[in-house]
Amino acid sequence: MTAIAPAAPIATATAVAHRPGKKMNIALWTVQVLLALFFIIASAAPKLLGAQAAVESFDTIGWGQWFRYFTGLVELAGGIGLLVPRLSGPAAVGLTITMICAALTQVFLLGAAALAPFPLVLGVVFVWIAWQRRDSIIAVRELLAR
């Protein structure tokens with residue numbers, strides 16, 4: 001009879017830690033704070049407080065005012081998330097998706113293709129933040145996988 005050797009441990013992919021340098025970290029936090037303030041004050045607040053322009057825009061979209069509240073909450077959560085170190089990467093990913101949707105909405109539902117570059121540029125900035133903060137994305141993913 002032959003002895004069966006215990007199975008070798010399964011190799012798992014471990015992420016190599018990435019931390020931006022001091023100057024890059026300062027630049028990232030500066031951009032994150034400015035974008036967080038923009039999304040909380042200038043973007044989410046008018047939607048959540050029922051500013052006339054926001055109400056009219058969402059009437060034109062035609063999905064109902066619930067979608068205005070939903071969008072406002074997504075932007076508020078993203079803005080707050082940009083300010084929380086552990087959530088800054090996932091928040092940037094979420095805001096990237098939001099900006100892609102905003103650009104598509106500008107083009108296809110509002111007929112304002114000339115306004116689509118603004119959310120797309122913001123989306124590129126959020127991709128950069130997400131890449132630089134990828135450690136926080138990995139940490140949240142591992143936390144959720146437990």
Side-chain angles (χ1 to χ4, degrees), residues 7-146:
I10 299 172
T12 58
T14 56
V16 177
H18 169 76
R19 299 240 190 312
K22 185 176 182 177
K23 289 181 182 179
M24 178 63 75
N25 197 42
I26 291 169
L28 280 164
W29 279 113
T30 301
V31 171
Q32 286 173 230
V33 168
L34 292 173
L35 287 172
L37 290 172
F38 170 77
F39 271 89
I40 293 167
I41 296 168
S43 194
K47 290 175 182 77
L48 295 173
L49 299 175
Q52 189 62 33
V55 171
E56 290 171 4
S57 289
F58 282 84
D59 275 342
T60 303
I61 291 170
W63 290 0
Q65 292 303 308
W66 71 269
F67 190 61
R68 172 175 56 88
Y69 289 111
F70 174 76
T71 303
L73 287 173
V74 167
E75 292 175 346
L76 178 64
I80 292 169
L82 286 175
L83 300 173
V84 178
R86 179 167 254 188
L87 298 177
S88 59
V93 171
L95 287 168
T96 299
I97 295 166
T98 303
M99 293 300 96
I100 292 169
C101 293
L104 293 171
T105 300
Q106 290 290 343
V107 172
F108 296 110
L109 297 178
L110 296 175
L115 299 177
F118 180 69
L120 291 176
V121 168
L122 285 174
V124 170
V125 173
F126 288 127
V127 166
W128 172 68
I129 293 170
W131 178 253
Q132 293 297 324
R133 301 295 190 199
R134 60 189 177 271
D135 278 357
S136 67
I137 297 169
I138 293 166
V140 168
R141 184 184 69 205
E142 288 174 352
L143 182 67
L144 293 175
R146 291 185 192 171

Quiz item: Can you find a pair of side-chain heavy atoms, one from L73 and one from L48, that are under 4.5 Å apart?
Solution: yes

Practice problem: Apply side chain to side chain contact (heavy atoms under 4.5 Å, CB included) to L87 and list each qualifying residue two or more places apart in sequence or on a separate chain. | Solution: V84, V140

Quiz item: Got a sec, which pairs hit salt bridge (Lys or Arg N to Asp or Glu O under 4.0 Å) with one end in residues 112-130, sequence neighbours left out?
Solution: none

Quiz item: Are the side chains of L120 and V124 in touch, meaning some heavy atoms are under 4.5 Å apart?
Solution: no

Exercise. Output every pair passing salt bridge (Lys or Arg N to Asp or Glu O under 4.0 Å) with a member in residues 55-71, not counting sequence neighbours, ordered by first then second residue.
Key: none

Quiz item: Does any non-hydrogen side-chain atom of L76 lie less than 4.5 Å from one of F39?
Solution: no

Exercise. Can you see which heavy atom on G81 is nearest to which on A91, and at what distance?
Key: C-CB, 3.6 Å

Quiz item: Looking only at heavy atoms, which two atoms of P20 and R133 are closest? And how far apart?
Solution: CG-NH1, 3.9 Å

Practice problem: Over all heavy atoms of both residues, which pair between P117 and A114 is shortest? Give the atoms and the distance, please. | Solution: CD-O, 3.3 Å

Quiz item: Is there side-chain contact between V93 and F126, with heavy atoms separated by less than 4.5 Å?
Solution: no

Practice problem: Would you name the heavy atoms of I40 and G79 that are closest together and state the gap between them? | Solution: CD1-C, 3.9 Å

Quiz prompt | Which residues share a ring pair (Phe, Tyr, Trp, His ring centres under 6.0 Å) with F67, sequence neighbours left out | solution = F58, W63

Self-check item: salt bridge (Lys or Arg N to Asp or Glu O under 4.0 Å) contacts touching residues 69-83 (sequence neighbours left out)
Solution: K47-E75

Quiz item: Pick from I100, I61, T71: which one makes a side-chain contact (heavy atoms from CB on, under 4.5 Å) with T105?
Solution: I61

Exercise. Could you pull out the closest heavy-atom pair between A45 and I41, with the gap in Å?
Key: CB-O, 3.4 Å

Quiz prompt | Exercise: identify the closest heavy-atom pair between A54 and P46 | solution = CB-O, 3.9 Å

Self-check item: Test side-chain contact (heavy atoms from CB on, under 4.5 Å) applied to L35 and L83, T30, L82, the passing residue
Solution: L82

Quiz item: When rounded to the nearest 0.5 angstrom, what is the spacing between CG in L95 and OG in S88?
Solution: 11.0 Å

Quiz item: What is the distance from atom CG of L115 to atom CD of Q106, rounded to the nearest 0.5 Å?
Solution: 5.0 Å

Self-check item: Contact list for residues 36-45, test salt bridge (Lys or Arg N to Asp or Glu O under 4.0 Å), sequence neighbours left out
Solution: none

Exercise. Side-chain contact test, heavy atoms from C-beta onward, threshold under 4.5 Å: evaluate it for P85 versus S136 and give yes or no.
Key: no

Practice problem: Mind running side-chain contact (heavy atoms from CB on, under 4.5 Å) on V31 and I129 for me, showing each step along the way? | Solution: CA-CA 9 Å; V31 171; I129 293 170; 4.1 Å; yes

Quiz item: Has R134 got its NZ or CZ under 6.0 Å from the middle of the six-membered ring of W128, at an angle within 45 degrees of the ring axis?
Solution: no

